[in-house]
2 protein chains.
Amino acid sequence: MNNKQIQEQRMRGYFMQAAKEMLKGEGLRSLNVRSIAQQAGYSFATLYNYFKDVKELVFLCVNDFQEECETEIMLKAKDTPAGTERIKAITKAYIGYFVQYPSIFNLFFIERLGDIGQKQPTAALIYTFLDRLCLHDWDYCLQNTEKEEKEIAIIKQELNYVSCGMLLFYMNRIQPSDYTEFTETVNIQVDAIVARVLQPNS
Amino acid sequence: MNNKQIQEQRMRGYFMQAAKEMLKGEGLRSLNVRSIAQQAGYSFATLYNYFKDVKELVFLCVNDFQEECETEIMLKAKDTPAGTERIKAITKAYIGYFVQYPSIFNLFFIERLGDIGQKQPTAALIYTFLDRLCLHDWDYCLQNTEKEEKEIAIIKQELNYVSCGMLLFYMNRIQPSDYTEFTETVNIQVDAIVARVLQPNS
DNA sequence: CCAATATACTGAACATTGTTAATTATATTT
DNA sequence: AAATATAATTAACAATGTTCAGTATATTGG
């Protein structure tokens with residue numbers, strides 16, 4: 001990487017850090033080109049020398065957030081025994097992360113990063129995020145339970161859909177209306193779904 | 001209702017019909033005050049004589065759509081035998097309606113109708129929509145299976161969350177990538193969840 | 001039926017946003 | 001140090017939601 005590339009990367013970094021701070025705080029609503037640039041210490045027009053448009057900037061923030069999210073979750077779940085217990089821990093930490101940063105939830109699941117060319121890969125990345133986090137543990141379950149791959153796949157999907165469904169209702173509609181009740185619901189649902197891995201086949 | 005109220009209601013109707021047509025067609029993205037008013041045959045400023053702001057107009061459209069949705073679903077499911085079979089039919093019709101009108105899905109589940117005062121009631125209305133559609137059939141299950149109310153409640157919730165999770169991924173991320181695969185996933189998930197009502201308790 | 005008043009409608013204008021293009025400032029090279 | 005290339009900024013445009021003062025229309029009292 002030559003000097004020019006290093007400097008460019010640095011400049012992108014300034015804008016991205018500004019955007020990321022604002023996203024974590026105020027969220028996407030209050031994010032605009034002028035405020036990002038001001039926070040970064042440049043004119044709004046300068047931003048366009050380093051990003052195609054504001055969507056590209058936001059898209060790059062999503063990637064950073066996903067890494068951060070993964071790190072945080074794995075740290076939280078690392079002492080949990082492999083298998084169903086860790087799947088539950090990871091899933092709850094996953095949900096917890098998005099509750100902590102609602103604007104990142106929006107970015108990941110709600111906002112259509114629309115007309116960006118890289119849309120499709122990003123979509124897949126998000127869609128399979130929880131599955132990737134639990135990959136080892138699902139493998140462990142496959143090895144150590146009587147459930148077959150097909151059944152595991154359905155349960156895995158279900159966990160994914162329920163997690164994001166609960167988040168959607170809680171974040172967007174504030175339903176359940178308080179956090180205590182929400183975590184209760186999360187516990188009940190996640191436990192119920194994962195428990196099915198250990199239930200005897202009927 | 002006096003003459004003035006009748007006329008006001010009629011005017012609101014013109015704008016709402018215009019907005020509803022555009023919402024069903026192009027969706028929320030292309031909806032703007034000027035185009036709604038043009039479609040309705042008035043100036044954009046006239047709109048503000050009948051609605052506080054464009055959010056109020058859209059909010060009223062949501063209500064109309066919900067009624068329409070309910071009618072369509074109940075018509076589709078009316079010949080299905082009560083209980084689990086009808087729950088499945090209703091849920092699939094419910095999902096189908098939103099696939100047919102993605103912008104209504106957005107309106108219902110994604111868009112925060114935000115700063116509107118009537119937010120809370122609307123949220124509850126949406127949150128409990130599927131449950132209300134299936135109300136009689138869940139009661140039927142409670143009467144005719146060995147499952148208790150508590151267990152039924154969990155399954156009901158799960159169905160709600162999974163439905164909206166699947167929709168979210170399919171609508172917003174186009175995942176699964178084609179409609180055939182999507183309906184397959186819907187069938188598998190819905191059938192699996194509802195089937196649990198009939199499974200013997202372990 | 002006409003004038004006075006109330007009501008309804010409209011265009012002009014403003015604020016906020018993303019974006020582009022031309023101009024100015026800065027750095028690099030010869 | 002001058003010429004050139006690069007970077008950053010200001011000015012401006014377009015789309016959108018919203019407000020307000022003016023104009024057209026309807027209603028009412030004589």
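Numbers restart at 1 for each chain; the letters A, B, ... are given by sequence-line order, proteins then strands. Note that the coordinates shown come from a computational prediction; the quantities given were computed from them, not determined experimentally.
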For [X], report the nucleic acid contact type (base, sugar-phosphate, nothing); a contact means any heavy atom under 4.0 Å.
X: A:Phe51; answer: nothing
X: B:Ile36; answer: nothing
X: A:Leu47; answer: nothing
X: A:Tyr48; answer: base

Whole angstrom value for the distance that separates [atom2] of [N] from [atom1] of [X]:
X: B:Asn49; N: D:dA21; atom1: CG; atom2: P; value: 14 Å
X: A:Arg29; N: D:dG17; atom1: CZ; atom2: P; value: 18 Å
X: B:Arg12; N: C:dC9; atom1: CZ; atom2: P; value: 12 Å
X: A:Leu28; N: C:dT17; atom1: CG; atom2: P; value: 13 Å
X: A:Arg10; N: D:dA7; atom1: CZ; atom2: C1'; value: 15 Å
X: B:Glu8; N: C:dA8; atom1: CD; atom2: P; value: 7 Å
X: A:Gln38; N: D:dA8; atom1: CD; atom2: C1'; value: 16 Å
X: A:Tyr14; N: D:dA7; atom1: OH; atom2: P; value: 14 Å

Shortest side-chain distance from [X], nucleotide among [options]:
X: B:Arg34; options: C:dA8, D:dT16, C:dT19; answer: D:dT16
X: A:Tyr42; options: D:dT18, D:dT9, C:dT19; answer: D:dT9
X: B:Asp53; options: C:dT20, D:dT18, D:dA12; answer: D:dT18
X: A:Met11; options: D:dA8, C:dG11, C:dA8; answer: D:dA8
X: A:Thr46; options: D:dA8, C:dA21, C:dA13; answer: D:dA8
X: B:Ser43; options: C:dA21, C:dG18, C:dG11; answer: C:dG11
X: B:Phe44; options: D:dT16, C:dT20, C:dG11; answer: C:dG11

Query raised in the report: Can you tell which of A:Lys20, A:Met22, A:Gln66, A:Lys24 makes a side-chain contact (heavy atoms from CB on, under 4.5 Å) with A:Cys61?
Result: A:Lys20
Query raised in the report: Any chance CD of B:Glu146 has more than 12 other-residue heavy atoms, nucleotides or ligands included, within less than 6.0 Å?
Result: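 Result for CD/B:Glu146: enclosed.
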Query raised in the report: Do you see a donor-acceptor pair shorter than 3.5 Å between the side chains of A:Gln9 and A:Arg12?
Result: yes
Query raised in the report: For B:Tyr97 and B:Glu68, does a side-chain donor sit closer than 3.5 Å to a side-chain acceptor?
Result: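 The answer is yes; a qualifying pair exists.
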Query raised in the report: B:Gln7 or B:Val33: which one's nearest nucleotide on DNA chain D is closer to the 5' end?
Result: B:Val33
Query raised in the report: Between A:Asp191 and A:Lys92, is the closest basic N to carboxylate O distance under 4.0 Å?
Result: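 A salt bridge is present here (some side-chain N lies under 4.0 Å from a carboxylate O).
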Query raised in the report: More 5' along DNA chain C: A:Leu31 or A:Ala45, using each one's nearest nucleotide?
Result: A:Leu31
Query raised in the report: What is the ring orientation for A:Phe182 with A:Tyr179, classed by angle as parallel under 30°, tilted 30 to 60°, or perpendicular over 60°?
Result: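 Rings of A:Phe182 and A:Tyr179: tilted, 30 to 60°.
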**Report entry** Contact under 4.0 Å: B:Asn32 side-chain N or O vs D:dT16 OP1/OP2
**Finding:** yes
